[in-house]
Amino acid sequence: MKMKYLVMGGIVAFSLILSACGSFSMEGVWDGRDQDGNAAVLTFKEDSVLVDIGFKTAYTYTLNKDQSIITFQKEGKNESYTLKRKDDNNIILYNQDKEETLSLERE
């Protein structure tokens with residue numbers, strides 16, 4: 001009986017580890033530049049982000065299910081960007097409406 005619980009616990013633990021390994025996280029500090037060379041530092045924590053472009057502004061954000069679009073929210077306004085991952089430490093955000101590109105590297 002003990003062996004059965006041990007095996008089941010091992011399977012559950014292994015499944016949780018596998019599911020965590022495949023997920024991408026925005027959390028952390030990202031250093032970047034826009035298409036004009038202006039610097040930006042974005043600090044992501046859980047569902048919020050602090051954007052520093054010479055002055056600091058806080059937003060909440062969400063990623064869509066396949067993590068290809070990130071939407072920033074502040075005071076009822078939404079700004080969506082296409083998110084292209086080069087790898088887990090380098091991404092590009094693009095907003096077609098504003099014709100704005102932001103290249104970010106995780107610090």
Side-chain angles (χ1 to χ4, degrees):
M1 196 67 163
K2 289 181 183 180
M3 184 62 137
K4 181 179 176 181
Y5 289 118
L6 183 60
V7 170
M8 290 301 288
I11 291 170
V12 170
F14 184 69
S15 298
L16 290 173
I17 290 169
L18 283 179
S19 66
C21 290
S23 65
F24 173 70
S25 173
M26 291 295 297
E27 289 196 26
V29 178
W30 295 79
D31 186 32
R33 299 213 171 266
D34 68 9
Q35 71 277 1
D36 298 322
N38 300 312
V41 176
L42 284 71
T43 305
F44 289 88
K45 291 183 181 179
E46 295 179 13
D47 65 347
S48 65
V49 60
L50 182 65
V51 178
D52 185 351
I53 55 173
F55 58 93
K56 296 178 182 178
T57 307
Y59 298 87
T60 58
Y61 76 95
T62 55
L63 287 169
N64 68 339
K65 186 176 180 177
D66 65 357
Q67 298 179 329
S68 63
I69 297 175
I70 186 168
T71 303
F72 298 97
Q73 299 98 15
K74 181 171 176 64
E75 299 173 358
K77 295 181 182 179
N78 293 336
E79 297 268 345
S80 293
Y81 290 77
T82 302
L83 188 152
K84 180 180 176 189
R85 281 179 34 197
K86 293 181 178 179
D87 56 45
D88 284 348
N89 296 314
N90 293 279
I91 60 174
I92 297 173
L93 303 180
Y94 176 69
N95 181 298
Q96 185 174 355
D97 295 334
K98 293 175 139 184
E99 295 183 4
E100 181 177 52
T101 302
L102 185 60
S103 298
L104 298 170
E105 180 177 8
R106 192 186 308 262
E107 289 186 359

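Worth knowing before you read on, the calculation uses all heavy atoms, side chains too, and leaves out hydrogens, waters and symmetry mates. Numbers here simply count residues along the sequence, with the first being 1.
Annotation: the span from Q67 atom CD to S25 atom OG amounts to 8.5 Å, rounded to 0.5 Å. Distance check, rounded to the nearest 0.5 Å: OG of S48 to CD of E27 gives 8.5 Å. To the nearest 0.5 angstrom, I70 atom CD1 is 11.0 Å from T82 atom OG1. Here the straight-line distance linking atom CG of D31 with atom CZ of R33 works out to 7.0 Å at 0.5 Å rounding. The CG atom of N78 sits 15.0 Å away from atom OH of Y61, with the distance rounded to the nearest 0.5 Å. Separation of atoms NZ (K77) and OG1 (T71) is listed at 16.0 Å; rounding is to 0.5 Å.
Around the CD atom of Q96, the shell of radius 6.0 Å holds no more than 12 heavy atoms that belong to other residues, nucleotides or ligands. Shown here is K84, whose NZ atom has no more than 12 heavy atoms of other residues, nucleotides or ligands within 6.0 Å.
For the pair R106 and F44, the minimum side-chain heavy-atom distance is 4.5 Å or more. Taking 4.5 Å as the limit, some side-chain heavy atom of Q73 sits within range of a side-chain heavy atom of T62. At a threshold of 4.5 Å between non-hydrogen side-chain atoms, the residues F24 and I91 count as touching.
Across L104, I92, L93, a single residue satisfies side chain to side chain contact (heavy atoms under 4.5 Å, CB included) together with L83, and that is L93.
Residue pairs meeting the side chain to side chain donor-acceptor pair (under 3.5 Å) criterion with at least one partner in residues 34-43, sequence neighbours excluded, are D34-N38.
Both Y59 and I53 are members of a single hydrophobic cluster when ILVMFWY side chains are connected at heavy-atom separations under 4.5 Å. With hydrophobic clusters built from ILVMFWY side chains whose heavy atoms lie under 4.5 angstrom apart, L50 does not share a cluster with F55.
Of all heavy-atom pairs between Y94 and T101, the closest is CD1-OG1, 3.2 Å. When all heavy atoms of G32 and L102 are compared, the closest pair comes out as C-CD1, 4.5 Å.
For the pair D52 (side chain) and V41 (backbone), a donor-acceptor distance under 3.5 Å is absent. Without hydrogens or angle criteria, R85 side chain to S68 main chain gives no donor-acceptor distance under 3.5 Å.
Using cut-offs of 30° and 60° for the angle between ring planes, the Y81 and F72 rings count as perpendicular.
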